[in-house]
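Read the structure below first, then the notes.
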Amino acid sequence: MERPDGDSGPASEPPSRSVSRESADPTPVSGAVEWLLVVALLAAPMAVVPGGDDAPTLVSLWGFVTLGGDGSGLGGYPVWAYFLDQPRPFATLPPSIRAWPLALGFHLLATGSATSGVALGREDRRVTGGVLVLGAAATLWVAAGLGVRFGVGTTAGWLTVLPVSALATLAVAVAAYGGDLRRIVTH
């Protein structure tokens, strides 16, 4: 810094002010790798449900995809059509199904947060990581509800539905944002 008299040299700022935020925190925003991981979670299935005739159904944030059900290859049913086709009001649906839009919302918020870090250089990584943890909980709730329905209320249902997205989301939250999440607890 330059002194007011024009001589260059160390300024008389307190030491705490001379350290910039970037040097104190080397990764203040998500990088390209974290961003790609968060975006990839939008494509991960919330659950893989085994079907009859060895044709599993992938339950994603966006809807259902049946793999090779009737020999035609792929079949799909978007989530908005599922909710619009329901004869029952939303409030009467099972709690795990009502958590589905919440899971989608958490994942979109995390994607938006990471995107703002990469594109604009402004992000609170604790928010991104925290929203990912909430997204993992919501997708686990959806997968658990599917497991109970497909297992007809027995514990066998928990083993027939694989909660892929919940595990993947939690893994990304811990691996990419774990240090930031620990700072929430320690500060």
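Just the heavy atoms: all of them, side chains too, but no hydrogens, waters or symmetry mates, feed the values below. All values derive from a computational prediction rather than experimental measurement.
The hydrophobic clustering, which links ILVMFWY residues whose side-chain heavy atoms are closer than 4.5 Å, places Phe90 and Leu104 together. Leu84 and Leu93 are not part of a single hydrophobic cluster, where members link through side-chain heavy atoms under 4.5 Å apart. Cluster annotation: Leu108 and Phe83 are assigned to the same hydrophobic cluster (Ile/Leu/Val/Met/Phe/Trp/Tyr, side-chain heavy-atom contacts under 4.5 Å, transitive).
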With side chain to side chain contact (heavy atoms under 4.5 Å, CB included) as the criterion, how do Val59 and Val49 come out once you've worked through the C-alpha distance, each side chain's angles and the decisive distance to 0.1 Å?
CA-CA 7 Å; Val59 181; Val49 180; 3.9 Å; yes
Please lay out, stage by stage, how Leu61 and Val79 fare under the test side chain to side chain contact (heavy atoms under 4.5 Å, CB included).
CA-CA 7 Å; Leu61 292 167; Val79 68; over 6 Å; no
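Taking Ile, Leu, Val, Met, Phe, Trp and Tyr as members and joining any whose side-chain heavy atoms lie under 4.5 Å apart, directly or through other members, the hydrophobic cluster of Leu36 also contains Trp35, Val39, Val118. Leu102 shares a hydrophobic cluster with Phe106, Leu109, Val127, Val131, Leu134; the chain of contacts runs through ILVMFWY side chains whose heavy atoms sit under 4.5 Å apart.
Leu41 pairs by the side-chain contact (heavy atoms from CB on, under 4.5 Å) definition with His107, Leu132, Ala168, Thr169, Val172, not counting sequence neighbours. Among residues two or more places apart in sequence or in another chain, the side chain to side chain donor-acceptor pair (under 3.5 Å) test is passed with Thr111 by none. Applying the side-chain contact (heavy atoms from CB on, under 4.5 Å) criterion to Arg122, with sequence neighbours excluded, gives no partner residue. In this view, Tyr77 and Asp85 satisfy the side chain to side chain donor-acceptor pair (under 3.5 Å) rule, not counting sequence neighbours.
Residues Ala114 and Thr128 approach most closely at N-OG1, 4.1 Å, considering heavy atoms. When every heavy atom of Pro163 is checked against every heavy atom of Leu140, the shortest pair comes out as CB-CD1, 4.0 Å. Taking all atoms of both residues into account, the shortest heavy-atom contact from Val161 to Ala47 is CG1-CB, 3.4 Å. Between Ala103 and Thr139, the shortest heavy-atom contact is CB-CG2, 3.6 Å.
To the nearest 0.5 Å, the span separating CG on Leu120 from OG1 on Thr115 amounts to 9.0 Å. The distance from atom OG1 of Thr66 to atom CG of Leu58, rounded to the nearest 0.5 Å, is 8.0 Å. Distance check: Ile97 CD1 to Leu146 CG gives 5.5 Å after rounding to the nearest 0.5 Å.
Listed for the Trp62 side chain is a donor-acceptor partner under 3.5 Å among the backbone atoms of Leu42. Within the 3.5 Å criterion, the main-chain N or O of Tyr177 finds no donor-acceptor partner in the side chain of Arg125. Here the side chain of Glu34 pairs a donor or acceptor atom with the backbone of Gly31 at under 3.5 angstrom.
Taking the six-membered ring for Trp and thresholds of 30 and 60 degrees, Tyr82 and Trp100 have ring planes inclined between 30 and 60 degrees apart.
Looking only at atom types and distance, the side chain of Glu123 has a donor-acceptor partner in the side chain of Ser30 under 3.5 Å away.
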